[in-house]
Structure formats: structure tokens, C-alpha cells
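Below: one structure, written as C-alpha cells.
Note: hydrogens, waters and symmetry copies are ignored here, and every other heavy atom, side chains too, is used. Reminder, nothing fancy here: chain letters follow the sequence lines and each chain counts from 1.
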Amino acid sequence: MTTHATAQPSYLVDTGSRKGLMAWLTSTDHKRVGVLYLYSMISFFFVGVGIGFLMRLVQLTPFQHLITARTYNALFTVHGVIMIFLFVIPGLPAVFGNFFLPILIGAKDVAFPRLNLASWYFFMIGAILAVLSLFTGGGAPDTGWSFYAPFSLKTGTNVSLAVFGAFILGFSSMLTGINFITTIHRLRAPGMKWFRMPLMCWALYSTSWIQLLATPILAITLVLVILERFFGIGIFDPAKGGDPLLYQHLFWIYSHPAVYIMILPAMGAITEIIPTFAKRTIFGYKAIAFSSMAIAGVGSLVWAHHMFTSGMSSLATLLFSLLTMIVAVPSAIKVFNWVSTLYKGSIDFQPPLLFALTFIFLFAIGGLTGVMQGALAINVHIHDTYFIVGHFHYVMFGGTGFAFFAALLYWFPKMSGKMYSKKAIYASWFPMFIGFNMLYFGMLILGMMGMPRRYYVHLPQYHTMHVVATVGSWFLVLGLLAFFGTLIYALFKGSKAEDNPWGGVTLEWTIPSPPPQENFEAIPTITHGPYHFEQESK
Amino acid sequence: MDWMNQAALSAQKSDAVFFYVFGLSVAFLIFITALMIYFVVRYSKKRHPKAEQIEGHLGLEVLWTTIPLALFLSIFYYGWTNYEYMRQAPRDAMAVKVTARQWSWSFEYPNGKKSKVLFAPLNKPMKMEVRSADVVHGFFIPSFRLKIDAVPARTNTTWFQATKLGSYDIECTVICGVDHSLMLSKVVVVPEDEFKAWYFGSDDAPEPGKAIRAAEAHPDLKDLPPGLAVLTSKGCLACHSVDGKPKVGPTLKALYGRQEEVLVAGAMRAVTVDEAYLRRAITNPMEQVVRGYPPAMPQTPMTEQELAEVVRYLKTLN
């Protein structure tokens with residue numbers, strides 16, 4: 001309806017007074033902020049991958065080699081901090097949430113564009129502080145990313161700065177949460193009723209509430225750690241009358257819901273991808289929407305399942321085990337609805353769908369091994385072993401990570417205006433999938449055998465599986481390099497992407513690739529649900 | 001291999017729940033994956049060109065909410081009851097004080113006897129009262145499926161009843177500093193009379209379970225090179241490895257001909273390890289202590305023939 005002459009330029013074109021990098025660093029366009037997050041996060045991701053790769057090399061022999069024990073302890077701490085705080089927690093909401101939330105609900109931008117850019121700066125400052133902690137003070141922190149007191153209070157390493165970095169990162173997370181909640185409440189296009197929103201928006205909405213409500217508790221806890229380290233206030237140190245278990249409770253009151261901050265947007269992205277390639281409406285829209293909210297709600301009440309062996313009361317273990325089992329139900333509901341969405345579809349098999357289905361498989365293993373841990377009698381054996389390490393990599397890497405890759409493949413043509421080589425992506429999937437399962441299923445087996453986590457050297461009986469896992473890590477890294485290499489190549493040399501390469505029906509596919517600066521020529525009016533394929537089949 | 005070795009009642013209780021959940025999980029995973037693959041093939045664009053717009057089905061939603069809920073609750077209940085069993089020590093259990101510190105374990109029995117490895121009589125309940133002297137540690141015996149954290153200023157308890165003779169690893173499971181992964185010990189399960197002989201014996205009564213531990217380390221001394229057999233029977237390998245792994249003392253791997261800095265009468269001196277040095281280091285270990293290691297080695301008397309065999313064996317480790 002709009003003529004070509006009035007069409008806005010793409011968001012990739014600098015139209016303001018500033019050009020190049022400065023135009024990006026000062027842009028309040030939600031799409032540019034999303035891309036800033038994307039580049040910074042993928043950089044951190046590869047630092048984390050590199051550290052993980054190095055740790056696997058250390059485990060190639062049962063005794064001390066390559067690096068010292070102190071360095072190894074620093075590596076797993078930094079690997080955890082980088083991957084959790086700089087990639088997995090902000091990952092999908094900050095990149096795809098920022099880029100697509102306004103477009104999916106028919107808005108020009110988020111509710112507070114400047115706050116949005118400020119969130120990215122908070123993220124970068126926190127990240128830089130966390131990285132600085134490696135090289136300054138008493139050396140890189142060696143406590144594990146969970147910073148358990150009183151060890152974190154006593155160690156001479158640079159815990160304070162790392163913790164302060166995480167504190168700043170928390171602000172980025174909270175501000176993004178406020179921004180998304182307000183955007184969803186206030187900026188939906190005319191006719192975009194709550195139950196006409198794409199399910200990604202429901203996932204982001206529930207995530208934002210957790211970010212807003214749970215992150216302050218982490219912030220308070222981290223401030224207490226810093227105060228205790230500098231002034232010895234004695235909240236957590238038993239020598240001064242404090243309680244180490246109080247630290248664990250406060251830490252997990254945030255850090256367990258954080259797991260849902262990590263996984264809900266991933267589930268949201270999967271929920272967008274499956275209907276597009278099945279060419280049919282989602283099965284059980286409301287069930288998926290409500291299960292997101294249920295996960296956010298019940299998920300806030302299960303934190304102490306990280307503490308079953310800590311010596312807390314029988315009543316506490318009973319309640320937290322029970323609640324943990326209940327929170328598994330909405331995840332199961334989602335899996336059933338996704339699979340049912342394939343039923344009687346007309347499936348166009350493309351790379352994003354392959355990664356989405358891989359997500360379901362890996363996330364199912366992650367979820368099922370999680371249920372094992374929720375069962376008290378099993379938990380007593382596998383807690384704090386490699387089983388846990390394997391489990392949460394299935395959830396966070398197999399789950400959130402693969403969903404991130406699926407989302408990237410799905411929206412890459414829209415974001416960049418370029419199309420990648422599908423064959424190269426399929427080729428990168430094989431080493432990734434094989435390597436992933438060798439590495440992390442190997443860890444599950446090691447954990448059942450009794451291999452404790454965070455061990456620099458291992459006993460000889462664990463050696464064979466360690467070698468299997470390490471070889472798996474080589475395949476995995478190979479696949480990751482091929483995957484991102486393909487996308488980077490496409491960015492420069494890829495063919496031009498169509499506006500709607502996958503035949504999707506949500507709003508982002510109605511606008512050009514890459515999107516214009518204000519997303520829409522005219523704000524659309526919505527008259528039906530988000531996955532409305534009828535009109536397409538003429 | 002220790003893989004799923006059940007050496008205590010608690011292991012049976014834990015594994016029973018594990019196999020229940022494992023069975024359900026495998027069934028679920030196969031079902032979901034097979035369904036996914038079947039749908040992708042059966043409803044591919046080629047075979048099924050026009051999609052049917054099915055918005056949902058209330059009956060199915062109810063079904064796949066209630067069935068998983070029921071299964072999860074059964075897992076919860078089974079897990080809880082077996083855990084309660086693992087947690088409530090019988091009244092006649094012998095209470096052992098377990099103390100964790102950076103980076104070692106120590107055990108104190110009701111009559112005041114102390115040990116660095118945990119001795120347990122076969123088929124008798126033992127209650128562990130676990131404490132920490134510094135930071136949080138985790139007391140873990142994989143073969144018993146038993147774990148409880150050692151938290152400073154708290155006493156956490158657990159118990160076990162060993163059902164198999166043998167010696168089993170004790171590992172620390174909570175990151176506690178630089179040597180977290182060396183914070184290991186053993187629980188040695190011995191016949192009750194052997195335990196009693198030690199427990200009620202004089203202060204210098206020999207520790208029980210020598211035969212069990214030696215047999216586990218080396219099934220048959222006769223099959224070993226003579227030098228290694230001497231090192232094993234004299235207990236040298238408790239502190240020195242032959243594979244390069246660091247222990248209390250320096251490793252014996254590639255020792256012969258190595259440059260070492262040793263403390264001689266309070267001064268550092270560089271030496272090259274040769275036969276004369278080795279003989280002195282074995283017969284009079286306190287004379288020259290290798291830098292970075294504690295002066296902890298006891299004098300180890302050996303016959304001339306044994307010494308010669310040990311030196312010959314060490315040369316082969318290069």
C-alpha cells in the first residue's frame with residue numbers, strides 16, 4: 001500500500017549524524033541493540049567454549065599436566081560465570097527478545113529505548129569487570145560460579161570483583177525485564193489481544209517477571225558477600241555467628257529461577273519455529289502460554305533442591321522435592337504440544353526445524369535427568385558429581401544453546417537480509433550432535449560412577465569415560481566452528497534473503513528483510529491469532 | 001571397576017529408585033523421539049501437501065497433564081521413602097565423628113580411637129557425624145550412594161550398613177580450594193572380629209583390613225616385577241606413585257637421573273638422583289628432603305637384595 005518512494009531505509013543504514021561504529025554504540029533502535037548483544041554474547045560464548053575445551057584437555061590424563069590445580073579451579077569458575085551470566089541468561093531475551101518482541105506485537109520499538117541501550121552498557125561494564133577479575137587482585141576466582149560461603153569469603157582470589165561484575169550484570173537483566181513487561185502491556189498493536197500474541201511473547205513475558213523479581217535477591221546476596229569480605233560483617237561466616245546455609249538459600253532463590261530465565265525464551269523460540277515449518281497452527285496455544293507462567297511461578301519455589309545434602313530439615317527436603325516434581329509437569333506439557341504440532345502438518349524440513357527438533361530431544365534428556373535429581377534417594381548419590389554437570393549442559397547447552405542456534409538460523413535472514421548455505425549448516429549439525437552426546441552423556445555416566453565435579457585430577461577408574469568425553473568435545477567444537485563460520489561467510493557473501501524465506505505468518509515475515517527502521521510502514525491491525533495459515537492455502 | 005558396585009544397604013535403596021526413573025525416562029524419550037521422526041516423515045510436504053489446522057484437544061491436554069503428574073508424584077514418593085530410610089540411623093549404630101578440613105578426612109570412634117581411613121565392620125550400622133573445621137566439604141562414598149555435606153558449625157548425620165568386604169573411595173564433592181580433588185580417603189569394610197580386635201586393642205594394634213587393601217591394590221605380588229613387589233609390600237606406594245600422579249611424596253616415575261632440589265641440614269642443594277642417592281633416601285629419608293614435600297617419610301629397612309631390586313625397577317620407569 002505504501003509506495004516505494006516513502007519506504008523507510010533498513011535499520012542497517014546510518015541515517016543520523018553519526019556514522020559507523022558510533023552510530024551503533026549510540027543507537028536506541030531495539031534491533032541495533034539486539035545485534036550489539038548478539039555480537040558481544042557470541043564473543044563471550046567462544047571464550048567460554050575455549051575454556052571448556054582446555055578443561056577437557058586437562059582431563060585427558062588422570063594426573064597433573066598442562067596447568068596447575070589453581071589455574072584449573074579458576075578455569076571452571078570463569079567458564080561458569082561467562083557462560084551463565086554472559087551467554088545463557090541474557091542470550092535469547094537480549095538478542096531475539098530485543099530484536100523481535102516489538103515486531104511480533106506490532107510496535108515500533110520497546111517502551112523505553114534509552115533504558116534498553118543503557119541495559120547493554122550495564123551488560124558490557126559487568127562483563128568487563130568479570131573479565132578484569134581474572135587478571136587483577138589475587139588472581140582469578142577459584143570458588144566455582146556458585147561462590148559458596150565460607151570458602152568464597154576466605155579465598156585470597158579476586159572474588160569481590162567478579163561478584164561485583166555479576167551484580168552490575170543483574171541490573172542489565174532487571175532493566176530489560178521492566179522494559180519487556182511494559183512493552184507487552186502497553187505497545188501491542190490494535191487488535192493484538194493477549195491470546196493473539198505469538199507464544200514467544202508469552203515466554204518473554206514470564207521470563208521478564210522472573211528477571212525483575214528474582215534478580216534483586218542475587219544482587220543483595222552478592223553485596224553481602226562483598227561486605228563480608230571487606231568488613232567481616234559475619235552474615236555467612238560461622239566463625240562470626242553467620243550461617244553458610246543462609247548463603248546457599250539466598251544464592252539459589254535467584255539462581256534456580258535463573259534456570260527458567262534461561263530456558264523459557266528458548267522454549268518460546270521453538271514454539272515460533274515449529275508452526276512455521278509444519279505450516280499449521282500451534283497445538284494447544286493456551287496450554288503453552290499458561291505453562292510458561294506456571295513454570296515461572298512454581299519454578300520460583302523449588303530452589304532448595306540444590307541443597308538436599310546440605311543437612312537441612314526433612315520437612316524442607318520433602319517439600320522441595322515435591323515442588324520440583326510439580327514444576328516438571330508444565331515442561332512435559334510443552335513437549336507434548338510441540339510434537340502434536342507436527343501432527344497432520346505439511347512439513348517443510350529446513351535447518352531451523354532440524355535444530356528445533358534436536359532441542360526437543362536434548363532438552364528431554366536434560367529434563368528427565370533433572371527429574372532423577374529431584375528424587376531424593378537418587379539425589380544423595382548424584383548430587384555434586386559429573387551427573388549434574390552432564391544434566392545442566394543438556395538443559396543449558398542442548399536446551400537453551402540449541403534453541404539459540406535454531407532461533408539464529410530462523411531469524412538470520414530477517415536480521416541480516418542474507419541467506420546462508422543450508423548444506424553447510426546440515427554438515428555442521430553432525431559433528432555437533434555426535435560430539436555433544438559423547439561429551440555430556442559421557443559425563444552422566446561418569447557421575448553415576450561417582451566422579452565428583454570440579455576435580456582437577458581424577459581417579460583411574462574414571463579415566464576411560466573422560467577420554468570419550470574429551471574426544472566428544474573435539475567434535476563439538478569442530479561443529480560449532482563450522483556453524484558460525486557458515487553464518488559469518490553468509491553475512492559477507494550470502495545471497496540476498498527473501499522477505500519471507502520460510503513461509504511464516506507472524507508479523508516479522510510481513511516486513512522487508514532486513515527490517516526498516518520503524519519496523520512497519522503503518523502499525524498493523526490484528527484480526528486473528530498468530531499462527532493463521534488458512535489464508536495462505538488459497 | 002566400581003561402576004554401580006552396591007556395597008551397602010543405602011546403595012540398594014538408591015539404585016531401586018534410579019532404575020524405576022531410568023526405565024520411565026527411556027520409555028518416554030523413545031516414545032517422543034519416535035513420534036517426532038514418524039510425524040516428520042509421514043507429514044512431509046511431499047506426502048501431505050496440505051496441513052490441517054488443528055488448534056488443540058482438551059482431552060489430550062488433560063491426559064498429558066494428569067499422567068505425567070501421577071508418574072512424577074510416584075517418583076517423588078518412592079524417592080522420599082527410600083531417602084528417609086537412608087537418613088534415619090538405627091539406634092544401635094556406632095557413631096563416628098567425621099571431620100573434614102582442607103584437604104583431608106579424619107575419623108574418631110566412640111572410644112577415642114582415630115584414623116585417617118574409615119574402618120567399618122561388615123553388616124553393622126555405622127552413623128556418621130560429619131563436621132567441617134573450615135569451609136563446606138562434601139562427604140561422598142559412591143559405592144554406598146551416600147553423600148552429606150560437611151558444613152562448618154553444624155553436625156550433619158548420615159548412616160550406612162556395609163554389605164560387602166572391600167575398600168571403597170571417599171571423595172570430597174564441594175569445591176574447597178586448590179587441592180579439592182586430592183581430598184580423598186577410603187572406607188575399609190572388614191569382618192566384625194577384625195574390626196573389634198583393632199577397636200578394643202591397644203593404641204598400637206595393627207590397623208584392620210591390611211589384607212583387603214593390599215589385595216585390591218595388587219591382586220598377586222608374585223606377578224609383579226620384584227622391585228615393584230617390594231615397594232608394594234613395604235607400603236611405599238601409599239605416598240609415591242609410579243605413574244607420575246602427585247601424592248604425598250614425589251612420584252617415582254622418571255625419578256632415576258632426575259635433578260632434584262633437596263634440603264640438607266637446612267640448606268638447599270641440587271642433586272642428580274643416582275643409585276647412591278636412592279639407597280640413602282630409602283634407608284635414611286630425613287637426611288635429604290625433596291623441596292616442596294613434607295619431611296614425612298619413615299625409615300624403611302630393606303635387605304641388600306631388596307634395595308637392589310628396587311633400584312633396578314626404578315631405572316625401568318624412565
Side-chain angles (χ1 to χ4, degrees), chain A residues 62-64 69-70 73 143-144 148 150-151 154 238 244 278-281 283-284 287 309-311 318 321-322 325 328-329 332-333 335-336 339 342-349 357 360-361 364 368 371-372 375-378 380-381 383-384 449-450 452 454-457 459 461 533-534 537, chain B residues 1-3 13-14 17-18 21 25 29 32-33 35-36 39-40 43-45 48-56 61 64-65 68-69 72-73 75-76 79-80 82-83 86 135-136 138 140 142 145-149 151-154 156 169 171 173-176 178-181 244-246:
Chain A
F63 45 84
Q64 179 163 355
R70 188 172 293 283
N73 291 356
T143 58
Y148 265 24
F151 180 52
K154 294 181 174 181
K279 300 282 173 273
R280 50 154 289 179
T281 186
F283 193 96
T309 65
S310 69
L318 178 134
S321 174
L322 181 62
M325 292 300 160
V329 175
I333 292 174
V335 169
F336 285 120
V339 174
L342 298 170
Y343 177 68
K344 293 199 172 171
S346 175
I347 295 166
D348 181 18
F349 203 83
L357 299 183
I360 295 180
F361 177 76
L368 293 166
V371 170
M372 290 176 188
L376 288 161
I378 311 176
V380 173
H381 177 49
H383 180 64
D384 273 335
M449 292 167 72
R454 295 166 172 165
Y455 264 32
Y456 167 55
V457 290
L459 289 167
Q461 65 263 32
F533 281 87
E534 271 96 355
S537 38
Chain B
M1 199 162 75
D2 279 343
W3 171 229
K13 288 287 178 185
S14 175
V17 185
F18 174 74
V21 184
S25 301
L29 190 66
I32 282 295
T33 312
L35 207 59
M36 229 157 52
F39 284 166
V40 166
Y43 299 111
S44 72
K45 202 164 53 173
H48 198 251
K50 191 171 179 318
E52 281 178 41
Q53 305 299 324
I54 305 166
E55 302 233 325
E61 298 288 353
W64 63 49
T65 305
L69 182 64
F72 288 141
L73 289 179
I75 293 171
F76 156 74
W80 162 252
N82 280 17
Y83 170 80
M86 293 160 76
V135 300
V136 181
F140 179 33
R145 316 287 186 275
L146 200 71
K147 185 182 292 107
I148 190 86
D149 290 355
V151 182
R154 281 179 90 95
N156 284 338
D169 290 311
E171 303 168 321
T173 47
V174 178
I175 175 71
C176 56
V178 65
D179 278 341
H180 168 55
S181 55
K245 188 174 164 178

Contact class of [X] relative to chain B, heavy atoms under 4.5 angstrom:
X: A:Thr143; value: backbone
X: A:Phe349; value: side chain
X: A:Pro150; value: both

Side-chain ([X]) to main-chain ([Y]) donor-acceptor, under 3.5 angstrom:
X: B:Asp149; Y: A:Gly311; answer: no
X: B:His180; Y: A:Tyr455; answer: no
X: B:Lys147; Y: A:Thr309; answer: no
X: B:Gln53; Y: A:Lys279; answer: yes

Plane angle bin for B:Phe140 and A:His381 - parallel if under 30°, tilted between 30 and 60°, otherwise perpendicular: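 A:His381 vs B:Phe140 ring planes: tilted.
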
Mutual orientation of the aromatic rings belonging to B:Trp64 and A:Phe283 [parallel < 30°, tilted 30-60°, perpendicular > 60°]: tilted

Rounded to the nearest 0.5 Å, how far does [atom2] of [Y] lie from [atom1] of [X]?
X: B:Leu29; Y: A:Leu368; atom1: CG; atom2: CG; result: 6.5 Å
X: A:Arg280; Y: B:Ile54; atom1: CZ; atom2: CD1; result: 5.0 Å
X: B:Lys50; Y: A:Ser346; atom1: NZ; atom2: OG; result: 9.5 Å
X: B:Thr173; Y: A:Arg454; atom1: OG1; atom2: CZ; result: 10.5 Å
X: A:Leu322; Y: B:Leu73; atom1: CG; atom2: CG; result: 6.5 Å
X: B:Asp179; Y: A:Asn73; atom1: CG; atom2: CG; result: 8.5 Å

Report which part of [X] has an atom under 4.5 Å of a heavy atom belonging to chain A: side chain, backbone, both, or neither.
X: B:Ser25; result: both
X: B:Met86; result: side chain
X: B:Val40; result: both
X: B:Glu52; result: both

Heavy-atom pairs under 4.5 Å with chain B, option from [options] with the top count:
options: A:Leu318, A:Ile360, A:Ile333, A:Leu357; result: A:Leu318
options: A:Phe361, A:Tyr343, A:Tyr456; result: A:Tyr343
options: A:Val380, A:Asp348, A:Val339; result: A:Val380
options: A:Ala69, A:Ser321, A:Gly144, A:Ala278; result: A:Ser321

Taking C-beta and beyond as the side chain, do [X] and [Y] meet within less than 4.5 Å on heavy atoms?
X: A:Leu342; Y: B:Tyr43; result: no
X: B:Tyr83; Y: A:Ile378; result: no
X: B:Ile175; Y: A:Tyr148; result: no

Whether over 12 other heavy atoms sit under 6.0 Å from A:Arg70 CZ: no

B:Lys45 atom NZ: more than 12 heavy-atom contacts under 6.0 Å: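 No, not enclosed.
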
